[in-house]
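The structure under discussion appears below in the form of structure tokens.
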Amino acid sequence: MDPHHPYDPPKSDKFQGALTSRAYPERTQRKMNRYDGEIRFLDRQIGALFAFLRERGLYDDAVIVIVADHGEQFREHEKQGHGYSLHNVEIHVALLLKAGGRRGEVERTVSITDIFPTILELAGAGPRANHGESLLDPSPQRLAVLSEQVGFSLERGNQKAIVDRRGRKLILGYGEDDWSAVAPETELGTVGMYRSRSDPFEEKPILDLGLEARLRARFYEAYGKVAERRKGRDVPKVTLEEATVERLRMLGYVGE
Ligand SMILES: [Zn+2]
């Protein structure tokens with residue numbers, strides 16, 4: 001939880017200067033430095049956890065996954081925080097996997113839904129349908145990954161995105177009048193299309209109607225399958241304690 005608002009790292013973890021090539025206004029940069037300080041603090045805590053595992057002789061066999069639930073926007077797309085858009089700054093998170101002595105880097109675009117099948121594979125359990133693709137899979141079938149925001153307020157937006165294997169990304173969104181509509185057949189407007197690898201801050205939208213049409217068609221095909229699976233699923237109802245609801249609300253995961 002530390003790299004979340006309010007950014008208030010211990011003094012020893014404070015950052016100075018800039019960590020990215022992009023120039024930010026001074027005030028924003030100071031805020032980012034405090035955020036980076038929180039990440040440094042968290043990094044040290046993870047180090048302490050690793051030291052503990054080593055001490056107990058548990059580290060070598062442990063499968064460890066480090067991932068974030070989201071990034072943070074510092075006004076790259078007019079907002080501060082997260083939950084506003086599906087731009088890289090909000091959804092391109094760190095994903096590190098330690099599994100025995102394996103080493104390597106996965107070049108293709110992946111999704112955090114791939115973590116579950118990866119762990120199943122490492123545990124020697126068979127693959128399960130509908131849960132991404134194992135990161136260890138040498139010949140993955142998927143052509144693109146999806147990302148979705150389930151909006152609960154106009155301000156937070158209600159975007160959907162598709163990123164192909166080469167990092168070409170199309171962000172779609174609803175108009176302001178129909179933000180609550182989530183039917184896959186609803187026609188979505190284009191928020192922007194980017195080469196998210198060479199343009200990580202997504203500041204140079206690509207204008208290519210052919211590519212847009214192809215990504216859009218691919219999105220509707222893949223999202224249609226997701227929506228179909230959701231329809232047939234019986235989601236068990238759970239009752240949350242008021243304190244839990246309050247915490248989720250503070251994090252922005254429950255509407256007012
Ligand atoms: Zn979070």
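Atoms within each ligand, like the ligands themselves, are counted from 1 in listed order.
- Ionic pairing of R30 and E26 is present here: one or more N-O contacts between side-chain nitrogen and carboxylate oxygen are shorter than 4.0 angstrom.
- Annotation: H5 is in aromatic contact with Y7 [ring centroid separation under 6.0 Å].
- Taking the Zn ion (ligand 1) as reference, the nearest N/O/S atom within D69 carries the name OD2.
- Within the cation-pi definition used here (under 6.0 Å to the ring centroid, within 45° of the axis), K98 qualifies as a partner of Y59.
- Heavy atoms of other residues, nucleotides or ligands lying less than 6.0 angstrom from CZ of R165 number more than 12.
- Here H82 fails the criterion, with no N, O or S atom under 2.8 Å of the Zn ion (ligand 1).
- Residue-level check: among N/O/S atoms of H70, NE2 sits closest to the Zn ion (ligand 1).
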